[in-house]
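One structure is given below, encoded as structure tokens.
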Amino acid sequence: MKEKKVYNVEQEANEEKIDFQEILFKYLIHWPWFVGAVIFCLLGAWLYLHTATPIYNVSATVLVKDDKKGGSAGMASELENLGLNGLVTSSQNIDNELEVLRSKTIAKEVVVDLGLYISYKDEDEFPAKDMYKTSPVQVNLIPQEAELLDEPMIVEMALQPQGSLDVNVKVGDDEFQKHFDKLPAVFPTTRGTLAFFMSPDSLISKGTEDVDLEKKVRNITATINNPLRVARWYCKSMTIEPTSKTTSVAVISLKNSSLRRGQDFINKLLEMYNINTNNDKNEIAQKTAEFIDERIGIISKELGSTEESLETFKRNAGITDLTSEAQIALTGNAEYEKKRVENQTQINLVEDLRRYMRGNEYEVLPGNIGLQDAGLVAQIDRYNEMLVERKRLLRTSTENNPTIINLDTSIRAMKMNVDVTLDRTLQGLLITKADLDREASRFSRRISDAPGQERQYVSIARQQEIKAGLYLMLLQKREENAITLAATANNAKIIDDAIADEIPVSPKGKIVYLIALILGVGIPVGIIYLI
């Protein structure tokens, strides 16, 4: 029985082996089909690789400065002293900066600045060749009108050898045609006003070949898209990743069919980021400059009026010098007069700053204007930092974001503290002013017997001195603020310039040929199997 079972198993194995060989023979007998299919698929793959537009990966390495990383602890400790430590945390770090770089707002600014919402194709080539900054004819549609396009605007142009241009514009169901004898030219349509002009930089001499090309009609198609839609496409094609968790170095990568366009986009992206970041940094300094300029204008008028009054008084009264008795009194009163001038200057600054804060919601306060109260200056700096950070976060989020809500709560609390500190500082200055006035009155009695004209002269001179001191102090602060504006450093520094990989990321030649080989074998197998 055992021998019989073994014999049956061997017989079945032989039958299966014979069947497999028979099936294999049935396929191999049609080997011309396999050879032809493989050759056909490989030729198709070769044709695809030579006609498809290669996509390259352009990347740059950038160092994003994170100045607040080191300063967040000090800020947190100060907030803890104020009882606000649970309301706000330092959110300006590498992650937030990378989110700003990825934002559609900056991408749209780059698209508009470089004109990337308008693309050109050379229809005389097969397939149509992309013409980035090489088109002999440039089309212009202002971004404000391009943003109103709900679908692409197709501009078909035929440039004649003699310089005339035939234009056919298609936008949805609308179509417009125009002939221009020469360029530049303007073409008003219901979808926007188009401008056409020659681009001399695109005409590159190549010997006799160019002479022949100039005798032919150049067919060019320009496609105008909504800038925001183009910006979204670039955001999807772009990746920004930090190199590690311990550094603030990031790699910006962009997939694009044009190496030059990809490099221009990344470089312009970093430029726009630095401009926006510097504007945020300089917002406080700019507000300070506006505040100082406004105060200088007011004080200048008051100072000029006071000096004119002093000059007129001296001319009418015939006074050239004070008497020795009044001079001695003024010498003894000089120290207190100087303190009164400084005190009055501080009172004016605090009152102006309080009025400015109560009239401007979510606006940074002027800083570095000469306040002597270190605690008040520190609170104003922290308040301004919160406002600047709020504006930065609103670029990538909405006011309903929990982080923004918590930050708004902290800003309101900090504003109340600043307001209270301003009131307390003003009260302290007024008390100091009263003390100085009492001390100065002792010296005033010594000149009480002086002629009334001299007393009036002393009063006018005192006002002139106060205005002059405030004016000189504001001029000094304006120069310091101008230095601050000029010394602002970029937030992003390029470590490695934008360069492209030598091998395109799409299409991949090896993978395409492998798929063609598989299809070349699989198609005949499928057909033979069905037969």
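- Between the side chain of Thr223 and the main chain of Ser119, no donor-acceptor pair closer than 3.5 Å is present.
- Contact detail for Ser103 and Cys235: the closest heavy-atom pair is O-SG, 4.1 Å.
- Annotation: side chain of Asp130 is in contact with side chain of Arg261 (closest heavy-atom distance under 4.5 Å).
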Walk me through it: do Thr193 and Phe187 pass the test side-chain contact (heavy atoms from CB on, under 4.5 Å)? CA-CA 6 Å; Thr193 301; Phe187 185 15; over 6 Å; no
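- For the pair Glu351 and Arg354, the salt-bridge criterion is not met [side-chain N within less than 4.0 Å of a carboxylate O].
- Counting heavy atoms from C-beta outward, Leu149 and Asn225 have side chains that stay 4.5 Å or more apart.
- We find the CD1-CE distance between Ile118 and Met153 to be 9.5 Å, quoted to the nearest 0.5 Å.
- When all heavy atoms of Ser253 and Asn57 are compared, the pair lying nearest together is CB-OD1, 3.6 Å.
- Residues Gln346 and Thr432 have side chains not in contact (no heavy-atom distance under 4.5 Å, counting atoms from C-beta outward).
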Run the side-chain contact (heavy atoms from CB on, under 4.5 Å) test on Ile224 and Leu194 for me, step by step, so that the C-alpha distance in whole Å, both residues' side-chain angles and the decisive distance to 0.1 Å come before the verdict. CA-CA 11 Å; Ile224 305 177; Leu194 296 170; 3.8 Å; yes
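- A 4.5 Å side-chain heavy-atom check between Tyr117 and Asn226 finds every atom pair outside the cut-off.
- Panel note: side chain Thr421, backbone Leu376; no donor-acceptor pair is recorded below 3.5 Å.
- Taking both residues in full, the closest heavy atoms of Ile240 and Ala250 are given as CG2-CB, 4.3 Å, listed atom of the first, atom of the second, then distance.
- Side chain of Asp419 to main chain of Lys415: no donor-acceptor pair is present (N/O by atom type, distance under 3.5 Å, no hydrogens or angles).
- Here Tyr234 contributes atom OH and Leu269 contributes atom CG; the two are 11.5 Å apart, rounded to the nearest 0.5 Å.
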Under the side-chain contact (heavy atoms from CB on, under 4.5 Å) criterion, do Tyr120 and Val139 qualify, and how do the steps go? CA-CA 9 Å; Tyr120 302 87; Val139 184; 4.0 Å; yes
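- To the nearest 0.5 Å, the span separating CG on Leu114 from OH on Tyr132 amounts to 5.0 Å.
- At a cut-off of 3.5 Å, with distance as the only test, a side-chain donor of Asp373 or Thr425 sits close to an acceptor on the other residue.
- Taking CD from Glu389 and CG from Leu394, the interatomic distance works out to 10.0 Å, rounded to the nearest 0.5 Å.
- Looking at heavy atoms from C-beta onward, Met238 lies in side-chain contact with Leu254 at the 4.5 angstrom threshold.
- A donor-acceptor pair shorter than 3.5 Å can be found between the side chains of Asn348 and Gln344.
- Side-chain contact between Leu393 and Glu99 is absent, with no heavy-atom pair separated by less than 4.5 Å.
- Between Thr134 and Met131, some side-chain heavy-atom pair lies under the 4.5 Å cut-off.
- Across all non-hydrogen atoms, the minimal contact from Ile106 to Val100 is CD1-O, 3.4 Å.
- In this structure the side chain of Tyr56 never reaches within 4.5 angstrom of the side chain of Asn256, judged on heavy atoms.
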Working note: Glu151 + Arg229, criterion salt bridge (charged side-chain N to carboxylate O under 4.0 Å, His left out); need CA distance, chi angles, decisive distance, verdict. CA-CA 10 Å; Glu151 52 188 319; Arg229 186 178 298 115; over 6 Å; no
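- Contact between Ala231 and Lys104 at its shortest, heavy atoms only, is CB-O, 4.2 Å.
- Looking at Arg390, its side chain never comes within 3.5 Å of a backbone N or O of Leu407 through a donor-acceptor pair.
- Using a 4.0 Å cut-off between charged side-chain N and carboxylate O, Lys433 and Asp437 make a salt bridge.
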Go through it in stages, so that I can follow the logic: the residues are Leu101 and Leu270, the test is side-chain contact (heavy atoms from CB on, under 4.5 Å), and I'd like the CA-CA distance, side-chain angles, deciding distance and then a yes or no. CA-CA 8 Å; Leu101 276 170; Leu270 295 175; 4.2 Å; yes
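- Here the OG1-CG distance, from Thr105 to Leu228, works out to 9.0 Å after rounding to the nearest 0.5 Å.
- Test Arg260, Gln263, Lys255 against Val58 for side chain to side chain contact (heavy atoms under 4.5 Å, CB included) and you get one pass: Gln263.
- Taken to the nearest 0.5 Å, the CD atom of Glu147 stands 3.5 Å off from the NZ atom of Lys108.
- Proximity of a side-chain donor or acceptor of Asn384 to a complementary backbone N or O of Val364 within less than 3.5 Å is not detected.
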